[in-house]
There are 2 protein chains.
Amino acid sequence: MTTATSPRELAHPARDEIRLEGVLHALSDPMRLCVVRELAAAGSEVACSYIELPVTKSTTTHHFRVLRESGVIRQTYRGTAKMNGIRRADLDALFPGLLDAVLSAAESQAARLDTA
Amino acid sequence: MTTATSPRELAHPARDEIRLEGVLHALSDPMRLCVVRELAAAGSEVACSYIELPVTKSTTTHHFRVLRESGVIRQTYRGTAKMNGIRRADLDALFPGLLDAVLSAAESQAARLDTA
DNA sequence: CCGGTCGTACGATAACCTTCGTAGTACGTC
DNA sequence: GACGTACTACGAAGGTTATCGTACGACCGG
């Protein structure tokens with residue numbers, strides 16, 4: 001018996017509700033940019049715990065929520081895990097080239113800072 | 001006679017000091033995104049007062065400073081005016097395609113929201 | 001049913017960000 | 001030199017954000 005409300009469905013913005021400013025803000029945090037890079041590298045959907053961040057679990061939950069509510073990722077429950085995937089189709093349709101530009105920029109900057 | 005310190009030169013980050021997160025954060029504010037769009041549309045350098053924002057002058061100064069310190073724009077004094085221009089060469093070299101993707105995304109979103 | 005794992009909710013805190021108003025500095029013009 | 005314009009500096013209020021700790025709910029395996 002659950003406590004009457006068990007919201008097993010997560011709220012996502014529709015495609016036409018996604019705002020450029022919100023996406024840019026979501027990606028402007030180092031933690032979240034790291035998450036998006038790993039999700040893009042993984043290609044398919046991965047669990048929250050798959051991505052290790054140097055923060056506590058509650059903070060991780062917070063960042064995933066910001067990414068979901070800004071429309072960058074889609075989250076679905078699968079058993080005890082929560083799977084995360086980039087909304088590439090929506091983002092590419094709304095902002096062509098933006099996600100790829102950010103991802104390659106992040107990669108080249110990471111390489112630049114590593115070998116510095 | 002100035003009061004001993006007259007910083008007529010403004011501090012700008014060097015090209016290799018520009019961080020992707022900082023640029024994304026600078027562009028994630030509606031006011032600043034508006035400024036960048038107008039600067040890009042103008043092409044050449046324009047004065048601060050050329051761009052009208054629905055905020056006071058001190059707030060405008062603040063936003064221009066954020067844009068400058070993140071490396072998005074370059075500011076130079078010219079007499080009583082301060083000229084502003086996008087650092088397109090630096091941004092394109094560091095993050096190829098990013099600025100254009102953001103600008104076209106902002107334009108298409110503005111069109112989408114206008115005709116809604 | 002019990003335990004373990006995964007993730008959430010809530011409260012708290014400290015830092016940050018946006019905005020403003022006021023006062024002040026630099027520059028060109030008269 | 002005096003005045004007006006353009007922008008800045010500083011301080012403050014208000015809201016938002018990032019982070020944590022603790023306690024809790026959902027699910028799977030024995």
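Throughout, a chain's letter reflects where its sequence line sits, starting with A, and its residues are numbered from 1. All values reported here derive from a predicted model rather than from experimental measurement. When reading the values below, keep in mind they use all heavy atoms of this one structure, side chains included, and skip hydrogens, waters and symmetry mates.
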Can you tell me the distance, in whole Å, between the [atom1] atom of [X] and the [atom2] atom of [N]?
X: B/Ile51; N: D/dA6; atom1: CD1; atom2: P; result: 15 Å
X: B/Tyr77; N: D/dT5; atom1: OH; atom2: C1'; result: 14 Å
X: B/Asn84; N: D/dC7; atom1: CG; atom2: P; result: 8 Å
X: B/Met83; N: C/dA26; atom1: CE; atom2: P; result: 21 Å
X: B/Leu53; N: D/dC7; atom1: CG; atom2: C1'; result: 14 Å

Would you say B/Arg32 reaches C/dT18's phosphate, i.e. side-chain N/O to OP1/OP2 under 4.0 Å?
yes
In terms of heavy-atom contacts, does CD of A/Glu52 have more than 12 from other residues, nucleotides or ligands at under 6.0 Å?
no
Of the listed D/dG21, C/dT22, C/dT18, the closest approach to the A/Thr56 side chain comes from D/dG21
Can you tell me which nucleotide in C/dC17, C/dT22, D/dC20 comes closest to the side chain of A/Ser58?
D/dC20
To the nearest 0.5 Å, what is the distance between CD1 on B/Ile73 and NE2 on B/His63?
12.0 Å
So, taking the atom named OG1 in A/Thr56 and the one named NE2 in A/His62, what distance separates them when rounded to the nearest 0.5 Å?
10.5 Å
Taking [Y]'s backbone N and O only, do any of them form a donor-acceptor pair with [X]'s side chain (distance below 3.5 Å, no angle check)?
X: A/Arg112; Y: B/Asp16; answer: yes
X: A/Arg74; Y: A/Gly71; answer: no
X: B/Asn84; Y: B/Gln75; answer: no

Residue met sooner reading DNA chain D from 5', once A/Asp29 and A/Arg78 are mapped to nucleotides
A/Asp29
Determine, for nucleotides 1-6 of chain C in 5'-to-3' order, which nucleotides have protein heavy atoms under 4.0 Å from the base (write B), from only the sugar-phosphate (write S), or from neither (write -).
----BS
Can you name the nearest heavy-atom pair linking A/Met31 to A/Asp29, along with the distance?
N-OD1, 2.8 Å
Nearest heavy-atom contact between B/Val102 and A/Leu20 is O-CD2, 3.8 Å
Sub-4.0 Å heavy-atom contacts from residues 61-70 of chain B onto DNA chain C, ordered by number:
B/His62, B/His63
Evaluate B/Thr60 against B/Ile51 for side chain to side chain contact (heavy atoms under 4.5 Å, CB included), listing each step before the verdict.
CA-CA 9 Å; B/Thr60 302; B/Ile51 297 174; over 6 Å; no
